[in-house]
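A short worksheet on the structure shown next.
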Amino acid sequence: MGSREFHPTDTVVNVKGVKIGGGNAPVVMAGPCSIESEEQLMSTANAVKAAGAQVLRGGAFKPRTTPYSFRGLKEEGLKLLKAAGEETGMPVITELMSEKDVELVAEYSDIIQIGTRNAQNFMLLDAVGELTTPVLLKRGFANSYDDWLNAAEYILAGGNRNVILCERGIRTFETYTRNTLDIAAIPVIHRLSHLPVVADPSHGTGRWHLVLPMGVAAIAAGADGLLVEVHPNPDHAMSDGPQSLTFENFATLMNGVQSVAPIGSSNRVPLRAQPIGV
Ligand code: PEP
Ligand code: MN
């Protein structure tokens, strides 16, 4: 159901009037990795909104590599996120980690994020397939395109057609970067599927100074948007500080996004078939 053959025209996911996909202007979703406090979230929400972000992100349930790291404010964080979204007039996105929290997260969030570690948790995918809330499905860090599209199929098959795919980098032998952001995934998925595709250059690189060049590159490759981590003081962030942008650097990224957006849309015009091609 996610394939172009089944549905040739682009799906546009409409989140409270913010349209993602289908050649609409790129939508940038930005905010802290973790919601830490009302002040941290509100200052970030105001800064990203002023720079042109359209969706506010913030993690309340955090999938951490070790159980001893900060794991999020849970429902208290969801409440802060909803309030910050309402105050700044932005829809919000947050991660759902467990089937037991589906109703809770759906009550507070406008988009439900499924993280890379749960990208093939088929029971969780079935559960969000029963909702109408848009779902942003990250690519599993060891998923092929086929694995990823089949994971999306679980959500679509359940009846939820509002699926956004997110390239967030895959595991490779490189250690300088946290993951390898696969920019080719963007035109490949656009060719294979009608679903919108966004990129996450924060987790895709793990380093703040790579977020701008890779974010801009993803937009130039035709991405329908970005998911970006921003923090008032990255050195003191409770998670993912090294890949979080300051407010100032986020504004610079937004300028880059604006300037390459026309290149991104021109890259989405299908080329003529060539004699040798797939
Ligand atoms: C996140 O967005 O903070 C996150 C944990 O992402 P991922 O699932 O891509 O690691
Ligand atoms: Mn993060």
Side-chain angles (χ1 to χ4, degrees), residues 27-36 40-41 44 48 53 55-67 69-74 77-78 80-81 91-98 101 105 109-121 124-125 128 134-143 147-148 151-152 155 163-172 177-183 185-186 189 197-208 210-211 214-215 218 223 225-246 250:
V27 171
V28 177
M29 311 181 211
C33 176
S34 298
I35 298 156
E36 299 169 9
Q40 172 245 18
L41 184 63
T44 310
V48 300
V55 177
L56 178 64
R57 71 148 283 154
F61 290 93
K62 297 304 302 174
R64 303 306 301 277
T65 301
T66 91
S69 303
F70 174 61
R71 292 164 74 177
L73 295 180
K74 318 248 165 44
L78 295 176
L80 293 174
L81 183 65
V92 298
I93 176 169
T94 198
E95 179 166 353
L96 167 70
M97 284 179 61
S98 162
D101 298 319
V105 173
S109 197
D110 303 302
I111 306 176
I112 292 179
Q113 177 176 324
I114 302 292
T116 197
R117 297 162 184 81
N118 271 314
Q120 287 184 302
N121 178 338
L124 188 61
L125 299 176
V128 295
V135 176
L136 179 141
L137 175 64
K138 295 237 191 164
R139 179 182 186 181
F141 55 74
N143 278 183
D147 292 332
W148 186 18
I155 306 169
V163 178
I164 303 157
L165 298 170
C166 178
E167 163 61 39
R168 53 77 68 201
I170 49 174
R171 277 275 162 91
T172 66
T177 42
R178 181 179 180 184
N179 292 285
T180 295
L181 188 72
D182 178 10
I183 302 263
I186 295 153
I189 298 297
V197 192
V198 303
D200 172 351
S202 307
H203 296 87
T205 63
R207 293 186 183 247
W208 67 268
L210 299 177
V211 172
M214 296 306 278
L226 298 178
L227 184 68
V228 179
E229 289 185 340
V230 179
H231 194 280
N233 187 351
D235 281 345
H236 291 99
M238 293 179 84
S239 61
D240 288 348
Q243 68 195 33
S244 297
L245 294 183
T246 58
F250 178 71

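Both counts, for ligands and for their atoms, begin at 1 and track the order of listing. As the structure is a computational prediction, the values presented were derived from the model and not from experiment.
- Shown here are the protein N/O/S atoms lying under 2.8 Å from the Mn ion (ligand 2), water excluded: C33 SG, H203 NE2, E229 OE2, D240 OD2.
- When side chains are defined from C-beta on, V211 does not count as touching F250, because their heavy atoms never get closer than 4.5 Å.
- Side-chain contact check for R117 versus F141: some heavy-atom pair is nearer than 4.5 Å.
- Checked by atom type and distance alone, the side chain of S202 never pairs as donor or acceptor with a backbone atom of V228 at under 3.5 Å.
- Side-chain N or O atoms of R71 include none that pairs as donor or acceptor with a backbone N or O of F61 at under 3.5 Å.
- Remark: the backbone N or O of F70 is paired with a side-chain donor or acceptor of R64 at under 3.5 angstrom.
- Taking the side chain as every heavy atom from C-beta outward, L125 and V135 never approach each other to under 4.5 Å.
- Contact check for T180 versus D182: no side-chain heavy atoms found under the 4.5 Å cut-off.
- Within 4.0 Å of ligand 1, protein heavy atoms come from C33, R57, K62, P63, E95, Q113, G115, T116, R117, K138, R168, H203, E229.
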Exercise. Which is it for E229 and S239 under the side chain to side chain contact (heavy atoms under 4.5 Å, CB included) test, yes or no, and what are the steps along the way?
Worked result: CA-CA 10 Å; E229 289 185 340; S239 61; over 6 Å; no
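- H231 and D240 form no side-chain donor-acceptor contact under 3.5 Å, judged by distance and modelled atom types alone.
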